[in-house]
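If you're wondering where the values come from, they're calculated on a predicted model, not measured in any experiment. When a ligand or atom number is given, it counts from 1 through the structure's own listing order. Numbers here are sequence positions counted from 1. Below, all heavy atoms of this structure are taken into account, side chains as well, without hydrogens, waters or symmetry copies.
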Amino acid sequence: MHCGKRMLYEKPQALTPPRTDVVMMTPWLAPIVWNGTYNIDILNAQFQLRGVRIGLAMFAIKKYVVFLQQFIETAEKFFMVGHKVNYYILTDRVEEVHQYNFKLGEGRQLFTLQSPTYKRWQDICFRRMEMIRNYTRDRFINEVDYLAVADIDMQFSDDVGVESLSELFGTIHPGFYNLSRQSFTYERRAESRAYIPPDEGDFYYAAGYFGGTTEEIYKLTNYCHNGIMADRKKNIEALWHEESHLNKYFIYYKPTKLLSPEYLWDNRMGIPGFLKRRRFVAVPKNHNEIRNKRSIKEKQRASKNAKH
Ligand SMILES: CC(=O)N[C@H]1[C@@H](OP(=O)(O)OP(=O)(O)OC[C@H]2O[C@@H](n3ccc(=O)[nH]c3=O)[C@H](O)[C@@H]2O)O[C@H](CO)[C@H](O)[C@@H]1O
Ligand SMILES: [Mn+2]
């Protein structure tokens with residue numbers, strides 16, 4: 001029996017892997033998503049049947065609003081095209097964000113949500129976990145089935161579709177996919193709740209893109225935020241902020257799907273042969289200019305002027 005539309009495609013093989021140059025499965029049997037390992041038509045049809053709703057949350061705090069336009073415009077071209085999508089922009093500059101008049105495709109909506117801001121950029125990163133937890137509990141859980149959380153200093157340059165979705169997914173960091181545990185920049189001080197012993201850990205995951213069902217994202221962000229607050233009481237800050245806590249979580253609550261570095265690339269790493277697509281790519285930024293109120297250059301200029 002088939003209901004209406006017949007779908008024709010090549011029969012999957014039991015003995016011939018679609019790719020032999022990359023690993024497609026973790027030891028806990030979570031797929032690692034690479035180009036050429038899946039058929040997007042099958043996946044689209046399956047997700048379409050369920051009418052899934054997908055949320056994409058990102059932070060535009062202080063100067064990071066400059067990344068918003070390119071982020072949304074490229075997401076409209078490449079992110080979950082053909083599915084129901086809610087963008088959630090968490091910002092301290094609601095008025096400014098309202099000025100943009102994004103033209104969105106059918107079934108796609110954009111919401112601007114108030115977020116507190118913090119003096120230190122590190123605190124902005126840390127507090128993303130708390131904000132996502134709260135908004136997931138109070139809102140996202142009622143509006144979407146899956147939620148992805150992304151850095152905003154990024155742009156889409158190829159498809160990110162439903163092949164990437166699962167109960168809990170993490171992205172292999174583009175700087176660490178082929179490195180040893182010892183080279184991972186996990187938190188190594190035992191006092192921190194993000195501590196990972198040298199003989200544990202699977203991959204080094206990037207905090208710039210992760211997601212899952214809203215239930216799973218609530219658990220993840222709640223765990224990370226609680227760890228961050230416990231550290232704060234002890235006056236310790238994990239090496240890579242919320243990313244350290246995320247990596248801790250993923251050791252014990254393993255992702256059910258892993259995204260290959262196709263899903264978070266940085267062109268400064270070149271383009272290795274195994275990388276067939278670059279779907280979500282870092283936008284180069286001057287860290288000092290964008291993160292601080294006044295850049296070091298401005299400060300130098302100011303102090304020079306003061307001396308004259
Ligand atoms: C690709 C990747 O894995 N990036 C991680 C990395 O790099 P990054 O150096 O890329 O961090 P970042 O500067 O992009 O900050 C993370 C995100 O916080 C938001 N933001 C930050 C500062 C600010 O003033 N306003 C603002 O809105 C914004 O959405 C930004 O994308 O390390 C950070 C913490 O150290 C986070 O773990 C990032 O997820
Ligand atoms: Mn970033």
In the protein, which heavy atom is nearest to atom 7 (O) of ligand 1, and how far is it? D151 OD2, 4.1 Å
At under 4.0 Å between heavy atoms, is it the side chain or the backbone of R291 that contacts ligand 1, or both, or neither? side chain
Does any N or O atom in I290 lie less than 3.5 angstrom from one in ligand 1, N or O only? no
Mind checking whether G208 has an N or O less than 3.5 Å away from an N or O of ligand 1? yes
Are any non-hydrogen side-chain atoms of L113 and T91 less than 4.5 angstrom apart? no
With the side chain counted from C-beta on, respond yes when T26 and D202 share a heavy-atom pair under 4.5 Å apart, and no when they do not. no
Determine, using heavy atoms of R128 and all atoms of ligand 1, whether some pair is separated by less than 4.0 Å. yes
Please classify the A282 to ligand 1 contact at 4.0 Å (heavy-atom distances, strictly less than): side chain, backbone, both or neither. neither
Verify the distance criterion only: is there a donor paired with an acceptor across the side chains of D231 and S192 at less than 3.5 Å? yes
Please name the atom of D151, limited to N, O or S, that comes nearest to the Mn ion (ligand 2). OD2
F111 and Y87, any side-chain heavy atoms less than 4.5 Å apart: no
For L264, the ligand 1 atoms whose distance to one of its heavy atoms is below 4.0 Å: 1 (C)
Please answer whether the main-chain N or O of D159 pairs with a side-chain N or O of R279 as donor and acceptor at a distance below 3.5 Å. yes
Tell me which one of E243, E242, H241 gets a heavy atom nearest to atom 36 (C) of ligand 1. E242
Counting heavy atoms only, which of D153, L239, D266 comes nearest to atom 14 (O) of ligand 1? D153
Kindly determine whether F59 and M131 satisfy side-chain contact (heavy atoms from CB on, under 4.5 Å), including the steps that lead there. CA-CA 10 Å; F59 288 78; M131 294 310 298; 3.7 Å; yes
Does H287 come within less than 4.0 angstrom of ligand 1, counting non-hydrogen atoms of the residue? yes
Check each heavy atom of M154 against ligand 1 and say whether those closer than 4.0 Å belong to the side chain, the backbone, both or neither. neither
Considering only protein heavy atoms, which is closest to atom 13 (O) of ligand 1, and at what distance to one decimal place? Y64 OH, 2.5 Å
Under 3.5 Å: donor-acceptor pair, side chain of K257, backbone of E163: yes
Just heavy atoms, cut-off under 4.0 Å: does I124 contact ligand 1 by side chain, backbone, both, or neither? side chain
Once you restrict to heavy atoms under 4.0 Å, what part of F59 touches ligand 1? Side chain, backbone, both or neither. both
Polar contact flag, side-chain donor to acceptor under 3.5 angstrom, Y146-E167: no
Sidechain N-carboxylate O distance under 4.0 Å for R137, E215: no
Does any N or O of ligand 1 fall below 3.5 Å from an N or O anywhere on W121, backbone included? no
Considering only NZ, NE, NH1 and NH2 on the basic side and carboxylate oxygens on the acidic side, decide whether K77 and E73 come within less than 4.0 Å. no
Where is the nearest protein heavy atom to atom 27 (O) of ligand 1: which residue, which atom, and how far? I61 N, 2.8 Å
Should D138 and R133 count as an ion pair when the cut-off is N to O under 4.0 Å? no
Distance col, row L56:CG vs R108:CZ, nearest 0.5 angstrom, shows 9.0 Å
Specify side chain, backbone, both or neither for C125, according to which of its non-hydrogen atoms lie closer than 4.0 Å to ligand 1. side chain
If you scan protein heavy atoms around atom 32 (O) of ligand 1, the nearest is W240 CE3, 4.2 Å
A206 heavy atoms, cut-off 4.0 Å: which ligand 1 atoms fall inside? 3 (O)
Which residue holds the protein heavy atom closest to atom 31 (O) of ligand 1, what is that atom called, and what is the gap in Å? I152 N, 3.0 Å
N247 versus Y249, side-chain donor and acceptor atoms under 3.5 Å: no
